[in-house]
Amino acid sequence: MAYDKMYDILDMAIWMQSNREGVSLQDIMERFQVARRTAERMRDLILDKFPQTKVRIGENNIKRWYIPQGTLKDFIQFSAEELVAFEKAIAYLQDNNMNENSELLQKILEKIRANIVDKTYQNIDTDAEVLLEAEGFAHRVGPKIVVAKDIVQKIRQAILSFQQIKISYKNKSSGKIRTFQLLPYGILYGERNHYLVAKHSDGYGENKEHYFILSNILSIELIDESYEIESNFSLKALAEKSFGVFQEEPFEVEWLFAEDVAEEVKRYEFHPRQSMQENADGSITVKFFAGGRLEMDWHLYTWGDKVKVIKPADWYEKKKDVK
């Protein structure tokens with residue numbers, strides 16, 4: 001077996017132990033980008049080397065193979081690159097004021113380190129330090145909004161237990177402090193602020209989702225009243241309606257980037273559902289459907305005269321009106 005294929009088989013074995021539902025031939029084909037016959041050979045190698053492998057029949061009578069827990073305990077180890085990836089992710093979360101998430105990731109990293117065997121720990125840890133020093137993390141310098149840790153913890157607790165919450169909230173514009181009883185749906189992390197997405201318990205605002213800046217929540221209390229989230233609700237789908245976090249009615253967007261920034265533009269994903277086209281003159285056209293005019297304007301400003309807004313057609317007129 002080729003050297004790189006051996007790694008594929010080991011990765012596949014780890015995957016099959018981590019996946020409680022089991023892995024189908026189609027799953028193998030998609031993950032490793034191989035034909036069905038190759039997927040069958042890879043499965044057969046697993047069955048040969050790990051006879052503990054079991055099969056279960058899933059939906060539509062599709063066979064799914066899995067390796068029982070504990071089988072690979074002596075095979076699974078971690079590389080310096082993997083430890084560094086965790087360290088960099090933790091640094092990024094801390095730098096973007098997501099301290100609650102960074103602490104959870106730090107605990108996971110500690111559990112990983114605790115399971116690295118002694119004979120390899122010292123070498124891996126040394127290599128990780130070298131990589132961290134060689135791959136400097138660019139911290140964002142400047143003022144940051146601080147979000148109280150207990151606020152995020154209680155929101156998460158409420159979401160997990162489907163409990164309503166009562167918050168004391170300071171309005172950003174007026175400075176007034178009001179109390180709201182809410183049905184928490186989730187948290188969205190934005191470039192400048194992080195937001196609680198929730199509905200008012202009394203149906204205020206046509207029973208639509210509203211955004212509350214996390215740092216403006218002064219206090220929070222869990223209420224002994226349950227609620228249900230609509231089965232078709234998706235926080236991801238809600239976020240994709242907007243460029244950034246601000247919600248407004250989506251509209252057609254078309255941006256034309258100059259030829260001299262084309263290569264840089266190709267490395268960007270401006271929106272998850274965007275289309276990107278390279279034109280005959282070397283320029284790039286980007287199209288998507290979303291709201292969030294203000295945040296689009298902030299982003300376009302960074303491209304200077306290298307971008308032109310084609311749609312909405314009244315983009316520049318409305319900018320003058322705002323001024």
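Below, all heavy atoms of this structure are taken into account, side chains as well, without hydrogens, waters or symmetry copies. All of these numbers come straight from a predicted model, not from anything done at the bench. Position 1 is the first residue of the sequence, and the numbers go up from there.
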Tell me, do [X] and [Y] make a side-chain contact under 4.5 Å, heavy atoms counted?
{"X": "Gln274", "Y": "Glu269", "result": "yes"}
{"X": "Met296", "Y": "Tyr301", "result": "no"}
{"X": "Trp15", "Y": "Asn19", "result": "yes"}
{"X": "Gln181", "Y": "Glu225", "result": "yes"}
{"X": "Ile177", "Y": "Ser168", "result": "yes"}
{"X": "Ile165", "Y": "Leu196", "result": "yes"}

Any donor and acceptor pair, going by atom type alone, linking the side chain of [X] with main-chain N or O of [Y] inside 3.5 Å?
{"X": "Gln164", "Y": "Ser226", "value": "yes"}
{"X": "Thr71", "Y": "Ile67", "value": "no"}
{"X": "Tyr227", "Y": "Pro184", "value": "yes"}
{"X": "Asp281", "Y": "Ser283", "value": "yes"}
{"X": "Asp297", "Y": "Leu294", "value": "no"}
{"X": "Ser102", "Y": "Leu93", "value": "no"}
{"X": "Gln17", "Y": "Ile14", "value": "no"}

Worksheet item: Would Ile9 and Met42 satisfy side chain to side chain contact (heavy atoms under 4.5 Å, CB included), going step by step from the backbone distance to the final call?
Response: CA-CA 7 Å; Ile9 294 300; Met42 293 173 73; 3.9 Å; yes

For the residue pair [X] and [Y], is the inter-centroid distance of their aromatic rings smaller than 6.0 Å?
{"X": "Tyr204", "Y": "Phe180", "value": "no"}
{"X": "Tyr169", "Y": "His200", "value": "no"}
{"X": "His299", "Y": "Phe270", "value": "yes"}

Would [X] and [Y] pass as an ion pair if we require N to O under 4.0 Å?
{"X": "Lys306", "Y": "Glu264", "value": "no"}
{"X": "Glu252", "Y": "Lys311", "value": "yes"}
{"X": "Glu40", "Y": "Arg37", "value": "yes"}
{"X": "Asp27", "Y": "Arg64", "value": "yes"}
{"X": "Glu254", "Y": "Lys308", "value": "no"}

ILVMFWY network linking [X] to [Y], side-chain heavy atoms under 4.5 angstrom:
{"X": "Ile155", "Y": "Leu104", "value": "no"}
{"X": "Val253", "Y": "Tyr268", "value": "yes"}
{"X": "Leu45", "Y": "Val34", "value": "yes"}
{"X": "Leu105", "Y": "Leu83", "value": "yes"}
{"X": "Trp255", "Y": "Phe289", "value": "no"}

Worksheet item: Can the positive tip of Arg56 be found less than 6.0 Å from the middle of the six-membered ring of Tyr66, inside 45° of the ring normal?
Response: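 So Arg56 does make the cation-pi contact.
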
Worksheet item: Just checking, any donor-acceptor pair under 3.5 angstrom between side chains of Gln26 and Ser24?
Response: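 No - no donor-acceptor pair under 3.5 Å links their side chains.
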
Worksheet item: Is the closest side-chain donor-acceptor distance between Gln277 and Asn279 under 3.5 Å?
Response: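 Side chains of Gln277 and Asn279: pair found under 3.5 Å.
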
Item to complete: Using the six-membered ring wherever Trp is involved, compare the ring planes of Trp315 and Phe251 and label them parallel, tilted or perpendicular (cut-offs 30° and 60°).
Response: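 Plane angle between 30° and 60°, so tilted.
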
Discussion item. Parallel, tilted or perpendicular: which one describes the rings of Phe233 and Tyr185, with boundaries at 30° and 60°?
Written reply: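 Ring orientation, 0 to 90° scale: perpendicular.
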
Worksheet entry | Verdict with reasoning, Phe86 to Leu109, per side chain to side chain contact (heavy atoms under 4.5 Å, CB included) | CA-CA 7 Å; Phe86 264 92; Leu109 179 58; 3.8 Å; yes

Worksheet item: Between Ala262 and Ile284, what is the shortest heavy-atom contact and its length?
Response: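 Looking at all heavy atoms of both residues, the shortest contact is CB-CG1, 3.6 Å.
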
Practice prompt. Begin with the C-alpha distance, continue with both residues' side-chain angles, and end with the deciding distance and a verdict on side chain to side chain contact (heavy atoms under 4.5 Å, CB included) for Lys170 and Lys176.
Written response: CA-CA 6 Å; Lys170 184 176 182 178; Lys176 292 182 178 179; over 6 Å; no

